[in-house]
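All remarks here apply to the structure that follows.
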Amino acid sequence: MTTLVHATDTLTRDALTVLQPGFVGTTAPDWLLRRIGEGLSSVGLFGRNIVSPEQLAALTAQLRAERDDVLVAIDEEGGDVTRLEVKQGSSFPGNYALGSVDDVELTRAVARELGRRLAACGVDLNWAPSADVNSNAENPVIGVRSFGPDPDLVARHTVAYVDGLQGVGVAACTKHFPGHGDTNVDSHDALPRIDVDLATLHARELVPFRAAVAAGTKAVMSAHILLSALDPHRPATLSPQILTGLLRQELGFEGLIVTDGMEMQAVAATYGIERGSVLAIAAGADAICVGGGLCDEDTVLQLRDALVNAVRTGELPEERLADAAARVRALASWTQAHRARGAGSVPGAAVQEGIAPGAEIGLVAARRALKVTRGERPYTPMTSAPYVASFTPVANFAVGDETPWGIAAELERLLPGTETGSYADSSVDAVLTAAGERRVVAVVRDLHRHPWMTEAVDALIAARPDTVVVEMGLNEAEPRGALHIATHGAARVCGRAAAEAVVGTGA
């Protein structure tokens with residue numbers, strides 16, 4: 001049962017201030033506006049909240065009509081993880097593509113244009129970039145969201161991304177501290193564990209975060225992972241040794257520490273979201289992210305009252321909650337000052353269609369990220385409509401299953417009559433039947449992680465040696481097919497660049 005506290009109570013306002021909740025709908029519900037009036041300082045947006053740039057701008061204006069300094073946050077990484085273009089696919093390649101090009105000015109330009117679009121729609125805190133070093137190719141949740149497996153490469157591109165976003169007034173939230181790359185468990189489902197020594201952590205995981213802190217990232221997001229060398233008992237989000245000792249004291253970070261989603265099973269299954277939130281603030285976090293799954297008023301009230309009660313019982317020092325709230329307000333003041341200077345511009349329909357000013361930078365980057373490997377025999381570009389066979393793994397939670405991926409739509413634009421089918425097993429009989437006499441394009445994602453997919457592709461190539469293979473995940477498997485195209489990500493622009501290569505107008 002919710003504990004009733006007076007809306008003007010300072011403690012209650014501080015408790016509301018540190019929450020970053022989500023909600024359902026494309027307009028702000030009454031309960032959310034009411035809580036903003038009572039002190040709620042941040043709102044998190046997800047794909048379910050966005051249908052167009054104009055609608056998003058109207059939504060953020062509605063929130064700010066209630067409170068001008070409210071922080072509007074979003075999980076917009078570009079690439080595979082997009083909320084702005086959740087139904088279309090992103091106009092920007094993701095980190096893995098940018099890292100494969102390894103041009104920091106290109107990364108900065110992509111982040112700047114993405115930030116410009118966010119600012120134009122009234123969004124001022126981006127839960128990005130991912131600074132994880134993807135040292136484990138079997139990682140089921142990071143993968144192409146990382147710039148790559150080399151710490152120094154990840155560090156320089158993280159810095160460029162932070163610079164690009166913050167240069168147009170959008171606060172960057174570098175994640176997932178202290179590094180989610182060396183895991184083979186998705187923290188949405190269970191608690192990942194990294195058992196390496198401190199020397200390895202400092203030489204690998206922490207390198208990009210040190211760089212991001214030095215570059216002035218306004219926020220850092222914690223990871224729900226157990227690093228036994230730092231804290232053998234609690235995940236990073238709940239660990240004073242990691243958030244306060246390492247991030248605050250050793251790395252010298254003074255900005256906002258945001259938790260990853262508190263309803264994720266890595267925390268919720270063991271601690272519950274209420275106790276987890278109290279422990280996170282006590283450990284040094286300043287803002288509780290919740291709303292990817294739990295996105296109603298009851299959740300906000302439960303977390304608010306859990307924090308208030310923890311202070312009143314002495315479990316959570318009042319000054320720690322006050323300090324956390326002060327850091328939220330400080331970031332809100334920074335973003336408000338940028339908005340007052342006119343960062344961004346009024347959005348229009350052109351943003352979604354990919355023809356807004358600067359939009360071509362995403363396609364330029366996607367084209368540069370392609371790696372094309374030709375087979376032993378000369379490749380003849382396709383001139384007639386092919387059959388696209390998409391071998392589809394289960395999408396991880398961060399990416400979601402709403403966002404389209406592949407190259408069929410882009411090939412249809414270039415070669416009208418292109419048809420496609422989705423497959424989830426190793427049998428290729430159905431593919432061959434559906435393809436008929438048409439040439440086949442096999443689209444895969446993380447081929448190296450899925451033996452059934454490898455079996456299917458190899459059988460398809462054996463039956464049809466002129467098959468083209470397009471890898472849209474990590475490019476870890478040996479190239480195969482008459483033409484092998486590695487896009488380094490599954491964004492819409494990556495599909496367009498691959499389609500151009502298939503027909504011979506691209507790489």
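Side chain of N95 to main chain of R145: a donor-acceptor pair is present (N/O by atom type, distance under 3.5 Å, no hydrogens or angles). A distance-only check finds a donor-acceptor pair linking the side chain of R438 to the backbone of A435 [under 3.5 Å]. Distance alone, capped at 3.5 Å, is enough to place a donor-acceptor pair between the T237 side chain and the A223 backbone. Looking only at distances, a side-chain donor or acceptor of N126 sits under 3.5 Å from a matching main-chain atom of E76. Formation of a donor-acceptor pair under 3.5 Å by the S146 side chain with backbone atoms of G143 is not found in this model. Judged by distance alone, with hydrogens and angles left aside, the side-chain atoms of E113 form no donor-acceptor pair with the main-chain N or O of G362 at under 3.5 Å. No donor-acceptor distance shorter than 3.5 angstrom exists from the side chain of E77 to the backbone of P129, with no hydrogens or angles considered. When atom types are taken as modelled, the side chain of E410 and the backbone of A499 share no donor-acceptor pair closer than 3.5 angstrom. Checked by atom type and distance alone, the side chain of D132 never pairs as donor or acceptor with a backbone atom of N134 at under 3.5 Å.
Considering T392, T487, D80 as possible partners of W405, the one that fulfils the side chain to side chain contact (heavy atoms under 4.5 Å, CB included) test is T392. When the options H450, R480, E471 are evaluated for a side chain to side chain contact (heavy atoms under 4.5 Å, CB included) with V457, the one that passes is R480.
Applying the ring pair (Phe, Tyr, Trp, His ring centres under 6.0 Å) rule to Y96 yields the partners H488; only residues at least two apart in sequence or on another chain are considered. With sequence neighbours left out, the salt bridge (Lys or Arg N to Asp or Glu O under 4.0 Å) criterion links D446 to R449.
Residue pairs meeting the salt bridge (charged side-chain N to carboxylate O under 4.0 Å, His left out) criterion with at least one partner in residues 90-106, sequence neighbours excluded, are D102-R156, D103-R368, E105-R108.
Note on ring orientation: taking the six-membered ring where Trp is involved, the planes of F209 and F177 are perpendicular (angle over 60°, cut-offs 30° and 60°).
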